[in-house]
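A short write-up of the structure that comes next.
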Amino acid sequence: MSTDLNEDIRGMNRCLREVHRVLAEIQLDYLSPSSGDGSAFARWQRLIHDPALAWLRAVSGLMADVDQIVHEAEGLDPDTAADIRSRVERVFGPTEDPEFQEIRDRIGSMTTGYPEVAMALGDLRRSLSVLPTAPDGRE
């Protein structure tokens, strides 16, 4: 078990959470600018139930998957780290998985108007770059 590998995964997970936080805040502010109940609970409920935010739930699910893998692993080995990297790259790129194209399109359109999105994505991509890749191109 590599302490550095574990720290790399934790760092990537922090970056993934930051991307999600930034995207959620921007979308929630856009959908309900200073109207209605702005409590954390109301925003959370909207994030979970609003059909306009369904695309963001895939990112939420990805975070939960990564948390579960990390929690259940006795120690993170290079294969597990490569699997995590592959899962995140399927959603955020550069892997072109058509299942997540809507997410990439939405995020891509946000990077020009919201520098915090571009910065969070840059941090996520940097954190992914230090993780091992799957050998022989398997995912």
Here the pair of heavy atoms bringing Cys15 nearest to Leu124 is CB-CA, 3.7 Å
State yes or no: do Val130 and Ile84 share one hydrophobic cluster built from I, L, V, M, F, W and Y residues joined by side-chain heavy-atom distances below 4.5 Å, directly or via other members? no
Glu7 CD to Asp4 CG distance, which is reported to the nearest 0.5 Å: 8.5 Å
Can you tell me if Arg104 uses its side chain to pair, donor with acceptor, with the backbone of Gly93 under 3.5 Å? no
Measuring from atom CG of Leu56 to atom CD1 of Ile107, what distance do you get when rounded to the nearest 0.5 angstrom? 8.0 Å
Out of curiosity, Phe92 CZ to Leu128 CG, how far, rounded to the nearest 0.5 Å? 9.0 Å
Enter the distance from Tyr114:OH to Glu25:CD here, rounded to the nearest 0.5 Å. 12.0 Å
Would you kindly say whether Asp83 and Ser86 are connected by a side-chain donor-acceptor distance under 3.5 Å? no
Between Met110 and Gln27, which heavy-atom pair has the shortest distance, and what is it? CE-NE2, 3.8 Å
Output the distance between atom CD (Gln45) and atom OG (Ser39), rounded to the nearest 0.5 Å. 9.0 Å
So, using ring pair (Phe, Tyr, Trp, His ring centres under 6.0 Å) as the criterion, who are the partners of Trp44 when residues are at least two apart? Phe41
By side-chain contact (heavy atoms from CB on, under 4.5 Å), Asp50 pairs with (sequence neighbours left out) Leu31, Arg46, Ala52, Leu53
Tell me which pairs pass salt bridge (Lys or Arg N to Asp or Glu O under 4.0 Å) where either residue lies in residues 106-134, with sequence neighbours left out. Glu102-Arg106, Asp123-Arg126
What residues, two or more places apart in sequence or in another chain, satisfy side-chain contact (heavy atoms from CB on, under 4.5 Å) together with Glu18? Arg21, Val22, Ala120
Which heavy atom of Val88 sits nearest a heavy atom of Leu62, and at what distance? CA-CD2, 3.9 Å
Provide the closest heavy-atom pair for Ser60 versus His20 in the form atom of the first, atom of the second, distance. OG-NE2, 2.7 Å
Hits for salt bridge (Lys or Arg N to Asp or Glu O under 4.0 Å) against Asp97, two or more places apart or cross-chain, chain-then-number order -> Arg90
Flag yes if Tyr30 and Ile48 sit in one hydrophobic cluster, no otherwise; membership is Ile, Leu, Val, Met, Phe, Trp, Tyr, and two members link when side-chain heavy atoms are under 4.5 Å apart. no
Roughly how far, to the nearest 0.5 Å, is CZ of Arg10 from OG of Ser127? 13.5 Å
Quick one: side chain to side chain donor-acceptor pair (under 3.5 Å) partners of His71, sequence neighbours excluded? none
